[in-house]
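One-based numbering, in listed order, for ligands and for the atoms of each.
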Amino acid sequence: MKPLSELFSKLVERIRGVEYIDEQTLQEISRELQRSLLKADVPLDMVKSFTDAAIRRMKEERPPPGIPVKDFVIYVIYQELVKLLGGEAEPDLKLPKRPYLVMLLGVEGSGKTTTAAKIALFYIKRGLKVGVVETDTVRPAAYDQLKQLAEKIGARFYGERDGGDAVGIAKRGVEQLKGVDLILVDTAGRHRNEQSLLEEVKAIYDAVKPDEVMLVVDATVGRQAAAQAEAFMKYVPIHSVAITKMDSTARGGGALAAVAKTGAKVKFIGVGEGVDEVEPFSPRKFVARVLGMGDLETLVERVKAVFEEEEVLEELESGRLDLLTFKKQIDALLKLGPLSKVLELLPGTLASKISDEQIELSQKNLRRWRAILSSMTEEELRDPGILNASRIRRIAVGAGVTPKDVKDMLKAYESMRKMSKMLRRQYRLGARGVRLQ
Ligand code: GDP
Ligand code: MG
């Protein structure tokens, strides 16, 4: 992954220095984005629409209050990159039946045999029994290669050293290994010609009816990955893709994007020659790493929470303040993390105006309040005026607190309401200062 991170490092460095956005800054970011994506071999049309969308968002959306412009720019790029590489969904690694049968295919040297062993080990480590079948009879060394790997990782192995009939080997292998949880069938990648390779793949597919067909693609082919996928798709369905050698080239970025565009799902990436160097592919984690930010997820959560907080404040301003809004606000605050962190997000002058005593809203308090609010009825939330002693007692019991705690919360709610109005005005001022023009 290093080659890709290196490619984006100049962009990230550029963004780190951004304090406000003007036309020139936008153009520089746009150029740097295009340069990085093109070098990663992302298809041209995808580069163009990606950059257009990201720059438009930077122009039109404004960072939420308290979020520095540079963080907001990274947030936008992160979100768009995740979209480009297949979206937020995490790969589904569960095996829905037993034995689950996976057939690997791909051109010669793409890394099929290595990937078969890597995935076998991935599931062995999770406590499953795994078997591998070698059907590559074109390369005599293939048999020994997978047999040795299988011994090393503790997978069962089936192959026929002198066999010439790949379809027969596949059938016998699956039959022999049917007691395991997962069977991986490795195939040949070289043939007299492409046509005969594809026909053999199809014949094995028809003979063993795999639950999943996994295409293995070498990252160095970059955007050509799409053409490879499409060629195989004419013969057999492709359920998942493994992209190997992500450690050795930045073109893996283009391979990932191109595959995402075909609609196929990248499930694993190979990140080294070692048999344990494979990872489930999660666009979110991947992008965070490429942008060199382990804490990017935290930033994203924070930005989202501030947006929610903004919505609550909008409601406050519109005069629809009730305990329901208060509850929402507490949820948003809890998402933002400890209050000291929340204060860091506020414009400096405001943070210094609020003393420690003024707001001793520790996480613990917030949680207790949320419990209290949760045990109130909707009617009570809308109109706290109806809260009498017996209602307060009922609420306290429901929340596991004392009636005094309930009253304290109601008092805090009153002062919070006053403070919110002030915060609202301050937010406005703060937001204007960092608005993207
Ligand atoms: P096959 O012909 O498709 O079965 O490919 P192999 O599994 O034999 O792999 C071809 C070469 O690629 C071998 O030298 C592997 O060590 C290497 N290889 C496979 N996956 C990776 C990877 O993720 N990273 C690196 N650096 N090399 C890999
Ligand atoms: Mg092989």
Using a strict cut-off of 4.0 Å, indicate which atoms of ligand 1 neighbour a heavy atom of [X].
X: G270; value: 23 (O)
X: V271; value: 23 (O)
X: K112; value: 1 (P), 2 (O), 3 (O), 4 (O), 5 (O), 7 (O)

Could you say whether the N/O atoms of [X] and ligand 1 ever approach to under 3.5 Å?
X: K245; answer: yes
X: M246; answer: no
X: T113; answer: yes

Any idea which protein heavy atom is nearest atom 6 (P) of ligand 1, and the distance to it? T114 OG1, 3.4 Å
Quick one: nearest non-hydrogen protein atom to atom 22 (C) of ligand 1, plus distance? G272 O, 3.1 Å
Please determine whether any non-hydrogen atom of [X] lies less than 4.0 Å from an atom of ligand 1.
X: E273; result: yes
X: S248; result: no
X: G109; result: yes

Would [X] and [Y] pass as an ion pair if we require N to O under 4.0 Å?
X: K285; Y: E279; value: no
X: E230; Y: K234; value: no
X: K112; Y: D186; value: no
X: D92; Y: K267; value: no
X: K129; Y: D181; value: no
X: E32; Y: R35; value: yes
X: D45; Y: K261; value: yes

For ligand 1, does [X] get within less than 4.0 Å through its side chain, its backbone, both, or neither, judged by non-hydrogen atoms?
X: Q145; result: side chain
X: K118; result: side chain
X: S110; result: both
X: D247; result: side chain

Can you tell me which residue pairs pass the ring pair (Phe, Tyr, Trp, His ring centres under 6.0 Å) test with a partner in residues 228-271, sequence neighbours excluded? F122-F268
Please find out if the Mg ion (ligand 2) and some N, O or S atom of T113 are separated by less than 2.8 Å. yes
Taking the side chain as C-beta and beyond, is there a heavy-atom pair between L215 and M233 under 4.5 Å? no
Run the side chain to side chain contact (heavy atoms under 4.5 Å, CB included) test on E108 and L197 for me, step by step, so that the C-alpha distance in whole Å, both residues' side-chain angles and the decisive distance to 0.1 Å come before the verdict. CA-CA 10 Å; E108 192 200 8; L197 165 69; over 6 Å; no
